[in-house]
K.L.:
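Take a look at the following structure, please.
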Amino acid sequence: MPRKTTLLIAALAAAIGGTDGFKFMSNWQPPKILTDSQKVEIAKTEERFGNKKLVVITGCSSGLGRETVKNLLATKKYHVVGAVRDVDKMEAVAEIDEFDMENFKIMELELNSFASVEKFCAELQEYQLAKPIDRLICNAGVYQPSLPYAKWSVDGHEQTMQINFLSHFLMISKLMPGMSAAPDPRIIMVGSVTGNDNTVGGGGVYPIADLKNLDGFAAGFKNPIAMADGYGFIGAKAYKDSKLCLMMMSNFLHSKYNRNTGISFSSIYPGCIAETPLFREKRAWFRKYFPIFMKYITGGYVGVEEAGQRLFQVAHDPRCSKSGVYWSWNGGPREGRGAAALEQSGQISGGGGAGGGWDSIYENDQSDKVNNLELSVKLFQTATDITGAQWPEAKSFVSPCPTLKVIGAISKNMIAREELKRMAERPGFNEDGTPIKLTKRKKAALVADKVTSSVLKNTVGRVGRVAGRLLLGKVPDTAIQGSFQEEKPLEEAVQPPAPSSQPEAEPEMAIETTIASTKIIEVVDENDKSLLEDEIFDAVFANGKKAAVNEEREWKVTQETKEKELTAV
């Protein structure tokens with residue numbers, strides 16, 4: 001690359017954003033030669049999807065999901081895959097609502113079964129061809145507050161938690177890696193005010209969402225363990241706990257994967273949809289009077305159509321590409337909601353009711369439970385064990401600087417060799433105090449390293465040591481003498497003293513410190529440069545043979561040296 005071009009790119013990157021300025025180069029790839037099969041797949045992909053974004057949404061045969069699909073298809077900008085349990089019902093709904101079937105694909109998904117989730121993901125990957133998923137909306141949910149006992153899934157887990165959280169968790173692990181290829185990928189989880197206990201709806205009505213220490217998950221969450229916290233089953237709490245899990249996981253995945261994948265992770269609360277199939281398990285009197293109470297008493301009523309527009313907004317609105325957010329809408333209470341509430345900057349904690357429109361969206365606050373980082377880590381680990389999910393390694397962005405890549409390639413093996421030596425010479429300790437032993441594979445690698453090191457020690461290693469002294473200078477005394485305790489002998493750490501009533505004298509410290517009598521060069525001057533040149537010549541060009549003091553060094557490799565090296569090889 002010409003020097004002027006390199007300087008121009010560096011200046012542009014600095015102007016864009018300092019150290020992150022080079023991030024736009026991370027996806028640069030050399031020109032690829034496509035095979036015939038790849039060309040055919042790309043042609044089929046363009047024929048099927050055109051320039052539309054690919055959306056996958058669970059639970060869209062009724063309620064919130066159904067209205068969201070209506071809005072997505074109405075824009076003519078999305079190709080939607082509806083993942084549903086009842087395919088026949090979904091086909092009937094699509095016909096009634098006059099869905100554009102060229103851009104709507106129905107696929108079977110039973111969230112009560114991990115095997116069904118894996119099958120769905122495999123079929124989806126075949127269907128999408130070369131098209132990455134742009135939006136994954138985890139919407140499906142079940143609410144069974146009146147159950148006196150737990151129902152169990154195919155896998156032996158409590159149904160509410162598996163359908164609402166665990167199966168979505170497994171699905172995300174399988175579909176997320178391919179989504180990073182999309183230009184603006186988003187994973188959206190439908191949360192609930194009931195899982196956010198810093199509000200009246202989440203913290204003022206018993207039972208409260210609370211995972212405690214996740215003892216139920218840690219124990220495997222298998223029948224008869226029905227609750228995440230390990231205690232007895234309560235139907236309403238199972239729902240609230242599952243929503244808490246979704247919101248916690250949205251934050252955790254944002255922290256772990258957003259920066260290096262570009263995927264936006266968010267959760268939403270679209271408002272209390274008082275008339276929805278979600279309440280089909282409630283008693284008849286509740287289904288009749290609850291919407292009236294929400295509409296005319298609290299003002300928190302949100303119709304299913306408006307809720308569908310809100311979920312659609314998070315998938316569609318460019319403002320909602322921000323990651324790590326819990327989206328809500330400021331419809332407000334019955335008095336002073338809508339435009340008047342917005343003019344007064346009146347944002348309602350926990351999200352308001354109907355009204356407010358497209359611009360009433362805001363980033364809502366989350367409770368301490370949702371933001372509990374330590375518990376989120378445990379939730380991720382235990383849910384991974386329960387579902388068998390396999391997550392990609394979270395790799396940080398690496399600069400595309402060619403020099404860094406060359407140095408990294410050279411130093412990688414050297415660092416690995418030095419680590420082997422450290423583990424052999426300075427072993428760690430097991431719980432019983434015995435030293436950790438190297439595996440057979442590492443021992444073999446260490447033996448091989450000794451052979452190769454003996455060949456290279458008079459060349460690269462010697463030059464490296466001299467260059468290091470020149471560049472870094474002398475190690476300060478404070479760096480050597482900065483310990484607050486003397487290091488214990490290895491024998492003392494391995495064999496703890498036997499208990500005795502009589503005090504014993506401490507053993508003498510048998511540590512020997514060997515200080516190499518090497519000349520430390522404090523300032524790099526012309527003589528030091530000459531010394532470095534001499535060392536490089538002796539090590540590289542003279543095969544380690546030092547020249548006489550007054551002998552002139554000739555910077556070339558003689559024919560005799562070439563023949564000798566070829567014979568050695």
Side-chain angles (χ1 to χ4, degrees), residues 13 16-17 19-32 34 38 41-42 44-46 48-58 72 77-81 83 117-118 120-139 167-189 246 249-268 314-325 327 376 380 383-384 387 389-401 405:
I16 291 174
T19 55
D20 288 338
F22 286 102
K23 192 169 183 179
F24 72 98
M25 300 171 62
S26 63
N27 292 325
W28 282 8
Q29 297 291 338
K32 295 181 179 179
L34 300 176
Q38 289 174 326
E41 185 178 41
I42 291 174
K44 289 182 178 179
T45 302
E46 293 178 352
R48 177 172 294 173
F49 301 107
N51 61 351
K52 294 179 173 61
K53 296 183 182 296
L54 178 57
V55 180
V56 178
I57 179 171
T58 63
L72 288 167
K77 295 181 179 180
Y78 297 96
H79 186 102
V80 181
V81 172
V117 173
E118 293 176 355
F120 167 79
C121 292
E123 292 176 349
L124 176 62
Q125 288 168 356
E126 289 182 7
Y127 177 75
Q128 69 186 88
L129 298 172
K131 174 72 174 175
I133 298 170
D134 295 274
R135 306 285 189 269
L136 175 58
I137 303 175
C138 301
N139 165 71
S167 287
H168 283 121
F169 180 87
L170 177 60
M171 183 188 302
I172 293 170
S173 72
K174 291 184 170 297
L175 300 182
M176 186 189 75
M179 293 183 65
S180 58
D184 176 28
R186 305 180 194 180
I187 295 179
I188 304 162
M189 305 184 200
L246 282 169
M249 197 45 49
S250 177
N251 291 350
F252 180 84
L253 294 177
H254 158 74
S255 300
K256 187 176 179 66
Y257 289 113
N258 170 253
R259 184 171 177 82
N260 53 73
T261 65
I263 299 174
S264 169
F265 299 90
S266 63
S267 58
I268 80 161
V314 177
H316 180 73
D317 193 337
R319 292 175 293 181
C320 298
S321 62
K322 185 175 180 180
S323 186
V325 176
W327 297 108
S376 296
F380 178 81
T384 297
T387 60
Q390 295 181 349
W391 295 90
E393 182 180 355
K395 295 182 179 180
S396 299
F397 168 71
V398 178
S399 168
C401 171
K405 290 184 178 180

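The analysis underlying the following values was restricted to heavy atoms, covering all of them including side chains, and did not include hydrogens, waters or symmetry mates.
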K.L.:
Over 60° means perpendicular and under 30° means parallel, so classify the ring planes of Phe265 and Tyr257, tilted if in between.
P.N.:
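Tyr257 vs Phe265 ring planes: tilted.
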K.L.:
Calculate, to the nearest 0.5 Å, the distance between atoms CE and OG belonging to Met249 and Ser376 respectively.
P.N.:
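Reported to 0.5 Å precision, the distance equals 6.5 Å.
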K.L.:
At what distance, to the nearest 0.5 angstrom, does NE2 of His254 lie from CD1 of Ile263?
P.N.:
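Taking NE2 in His254 and CD1 in Ile263, the distance rounds to 13.0 Å.
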K.L.:
Can you tell me how far CG of Leu72 sits from NZ of Lys53, rounded to the nearest 0.5 angstrom?
P.N.:
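Separation between the atoms: 12.0 Å.
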K.L.:
Just distance, no hydrogens or angles: give the donor-acceptor pairs under 3.5 Å from side chains in residues 128-137, sequence neighbours left out.
P.N.:
unit_1: Gln128; atom_1: NE2; unit_2: Lys131; atom_2: O; d: 2.7
unit_1: Lys131; atom_1: NZ; unit_2: Lys52; atom_2: O; d: 2.9
unit_1: Asp134; atom_1: OD2; unit_2: Leu54; atom_2: N; d: 2.8
unit_1: Arg135; atom_1: NE; unit_2: Ala315; atom_2: O; d: 2.6
unit_1: Arg135; atom_1: NH1; unit_2: Asp184; atom_2: O; d: 2.5
unit_1: Arg135; atom_1: NH2; unit_2: Asp184; atom_2: OD2; d: 3.4
unit_1: Arg135; atom_1: NH2; unit_2: Ala315; atom_2: O; d: 3.3

K.L.:
Working to the nearest 0.5 Å, report the span between OG of Ser267 and CD1 of Ile187.
P.N.:
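Between atom OG of Ser267 and atom CD1 of Ile187 there are 12.5 Å.
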K.L.:
Okay, side chain of Ser255, backbone of Asn251: is any donor-acceptor separation there less than 3.5 Å?
P.N.:
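Flag set: sc Ser255 to bb Asn251 pair under 3.5 Å.
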K.L.:
Aromatic rings Tyr127 and His79: how do their planes relate, parallel, tilted or perpendicular, breaks at 30° and 60°?
P.N.:
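Ring orientation, 0 to 90° scale: tilted.
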K.L.:
For Arg186 versus His316, what's the shortest heavy-atom pair and its separation?
P.N.:
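The answer is NH1-N, 3.8 Å.
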K.L.:
Indicate the atoms forming the closest heavy-atom contact of Met189 with Ile172, along with that distance.
P.N.:
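Closest approach of Met189 to Ile172: CE-CD1, 3.5 Å.
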K.L.:
Mark yes or no for whether Ser264, through its side chain, and Lys322, through its backbone, hold a donor-acceptor pair below 3.5 Å.
P.N.:
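Here the side-chain-to-backbone pair exists.
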K.L.:
Distance check, rounded to the nearest 0.5 Å: Cys320 atom SG versus Ile188 atom CD1?
P.N.:
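Nearest 0.5 Å value for the SG-CD1 distance: 8.0 Å.
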K.L.:
For a side chain to side chain contact (heavy atoms under 4.5 Å, CB included) check, start with the C-alpha distance between Val117 and Phe169, then their side-chain angles and the critical distance, and finish with the verdict.
P.N.:
CA-CA 10 Å; Val117 173; Phe169 180 87; over 6 Å; no
K.L.:
Work out which heavy atom in Asn260 is nearest to a heavy atom in Lys256; give both atom names and the distance.
P.N.:
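That would be ND2-O, 3.3 Å.
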K.L.:
I'd like to know if the side chain of Thr387 and the backbone of Ala383 have a donor-acceptor N/O pair within less than 3.5 Å.
P.N.:
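Answer holds: yes.
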K.L.:
For the atom pair CE (Met171) and SG (Cys138), what is the distance rounded to the nearest 0.5 Å?
P.N.:
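Answer rounded to 0.5 Å: 6.5 Å.
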K.L.:
Using modelled atom types and a 3.5 Å cut-off, is there a donor and acceptor pairing between side-chain atoms of Asn139 and backbone atoms of Ile57?
P.N.:
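It does not hold such a pair.
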